[in-house]
**Q** 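Can you keep this structure in mind? I'll have questions shortly.
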Amino acid sequence: MITLRHFFEQAREGQLTAVRCGGCGTLAVPPKQFCPTCAQRRWEPVPLSGEGTIASYTIIRVAPRGHAPDVPYAIAAVQMKEGVSMLGRVVDVPLDRIAVGLPVRFRPLMKNGQTALAFGPA
């Protein structure tokens, strides 16, 4: 079974991995202990392509503590090609060019030794 720790280790290497329930087929990311649809624990890892489109976004102008030097920046809900949605930071795209429907691709974002999800131009 893929754990949240394993998910972020793989993300650091540039690979996104979802889990598919062996009971009902639900695809989930990040990994969960129980399937939100059928409550089973029959997960199988599924590699994701990393490709998606922006479904929604917001521009952060007043950031939480620890992120103030980064403002302004954008966070987006990305609809992955495989059907699941993920939240991540938008990188390497000018803020005035970010739009719903913009094709993006996953890239790991390292900050203070931690891996975060980010999406840049496809």
Side-chain angles (χ1 to χ4, degrees):
M1 179 169 160
I2 186 169
T3 63
L4 196 55
R5 178 179 171 194
H6 187 244
F7 171 81
F8 279 104
E9 287 172 352
Q10 287 189 315
R12 183 177 301 120
E13 299 300 321
Q15 174 61 54
L16 287 177
T17 304
V19 288
R20 184 176 307 281
C21 178
C24 70
T26 294
L27 192 63
V29 65
K32 301 169 183 351
Q33 185 172 6
F34 296 99
C35 176
T37 304
C38 70
Q40 292 191 34
R41 291 179 71 173
R42 296 176 45 200
W43 296 115
E44 295 294 327
V46 176
L48 299 177
S49 67
E51 299 172 2
T53 57
I54 292 180
S56 179
Y57 70 95
T58 189
I59 297 175
I60 307 297
R61 297 187 190 283
V62 179
R65 185 178 50 203
H67 296 277
D70 300 336
V71 294
Y73 62 91
I75 300 290
V78 175
Q79 180 75 34
M80 304 304 293
K81 184 171 91 173
E82 294 81 4
V84 292
S85 294
M86 302 180 75
L87 285 177
R89 192 148 168 186
V90 180
V91 296
D92 302 328
V93 178
L95 295 178
D96 62 347
R97 302 256 189 219
I98 299 172
V100 171
L102 180 71
V104 291
R105 182 161 185 76
F106 166 72
R107 57 194 66 188
L109 179 65
M110 298 298 296
K111 184 168 179 137
N112 300 327
Q114 298 290 320
T115 305
L117 304 181
F119 296 90

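Just so we're clear, the structure is a prediction, and the values are computed from it rather than from any experiment. Along the sequence shown, the residues carry numbers beginning at 1.
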**Q** Can you confirm whether Q15 sits close enough to P47 that some side-chain heavy atom of one is under 4.5 Å from a side-chain heavy atom of the other?
**A** yes

**Q** Judged by atom type as modelled, is there a donor-acceptor pair below 3.5 Å linking the side chain of R105 to the main-chain atoms of S49?
**A** yes

**Q** How many angstroms lie between SG in C21 and CZ in R41, if you round to the nearest 0.5 Å?
**A**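 If I round to the nearest 0.5 Å, the distance is 12.0 Å.
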
**Q** Taking all atoms of both residues into account, what is the closest heavy-atom pair of P30 and L4, and its distance?
**A**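 Smallest interatomic distance, heavy atoms only, reads CB-CD1, 3.6 Å.
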
**Q** Over 60° means perpendicular and under 30° means parallel, so classify the ring planes of Y73 and H67, tilted if in between.
**A**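 The rings of H67 and Y73 sit tilted, inter-plane angle from 30° to 60°.
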
**Q** With no hydrogens and no angle check, is any side-chain donor or acceptor of Q79 less than 3.5 Å from a backbone partner on G83?
**A**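 Yes; judged by distance alone, with no hydrogens or angles, the pair exists.
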
**Q** Taking V78 as the starting point, is it possible to reach F8 by hopping between hydrophobic residues whose side chains are less than 4.5 Å apart?
**A** yes

**Q** Begin from the C-alpha positions of F119 and L102 and carry the test side chain to side chain contact (heavy atoms under 4.5 Å, CB included) through to its verdict.
**A** CA-CA 11 Å; F119 296 90; L102 180 71; over 6 Å; no

**Q** Under the rule for side-chain contact (heavy atoms from CB on, under 4.5 Å), what residues qualify as partners of E9, not counting sequence neighbours?
**A**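 Residues passing side-chain contact (heavy atoms from CB on, under 4.5 Å) with E9: R5, H6, R12.
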
**Q** Quick one: closest heavy-atom pair of P45 and T17, and the distance?
**A**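 Closest heavy-atom pair between P45 and T17: CB-CG2, 3.9 Å.
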
**Q** May I ask you to test the L48-V84 pair for a side-chain heavy-atom distance under 4.5 Å?
**A** yes

**Q** Do W43 and C35 have side chains that get closer than 4.5 Å, going by heavy atoms?
**A**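 When only atoms from C-beta onward are counted, C35 and W43 do touch, with a gap below 4.5 Å.
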
**Q** Using the rule that two of Ile, Leu, Val, Met, Phe, Trp, Tyr join whenever any of their side-chain heavy atoms come within less than 4.5 Å, decide whether V93 and V71 are in one cluster.
**A**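 In one cluster with V93: V71, no.
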
**Q** Is there a path of hydrophobic side-chain contacts, each under 4.5 Å between heavy atoms of I, L, V, M, F, W or Y residues, that connects I59 with L117?
**A**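 Linked within one cluster.
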
**Q** Would you say the side-chain atoms of Y57 pair up with the backbone N or O of A74, donor to acceptor, closer than 3.5 Å?
**A** no

**Q** How close do C24 and T37 get, counting heavy atoms only, and between which atoms?
**A** SG-CB, 3.9 Å

**Q** Is it the case that one hydrophobic cluster holds both L109 and F106, taking links as side-chain heavy atoms less than 4.5 Å apart, direct or via other members?
**A** no

**Q** Between L16 and V29, is any pair of side-chain heavy atoms under 4.5 Å apart?
**A** no

**Q** Hey, does V104 have a side-chain heavy atom less than 4.5 Å from the side chain of I54?
**A** yes

**Q** Is the backbone of L27 close enough, under 3.5 Å, to the side chain of R20 for a donor and an acceptor to pair up by distance?
**A**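 Pair absent, no side-chain N/O of R20 close to backbone of L27.
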
**Q** Is the closest side-chain heavy-atom distance between P72 and L95 below 4.5 Å?
**A**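 A side-chain contact under 4.5 Å exists here.
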
**Q** So if you build clusters from Ile, Leu, Val, Met, Phe, Trp, Tyr with side-chain heavy-atom gaps below 4.5 Å, do V91 and I75 land together?
**A**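 No, it is not one cluster - the side chains of V91 and I75 are not joined through contacts under 4.5 Å.
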
**Q** State, to 0.1 Å, how close F34 and A39 come at their nearest heavy-atom pair, and which atoms those are.
**A** CD2-O, 3.5 Å

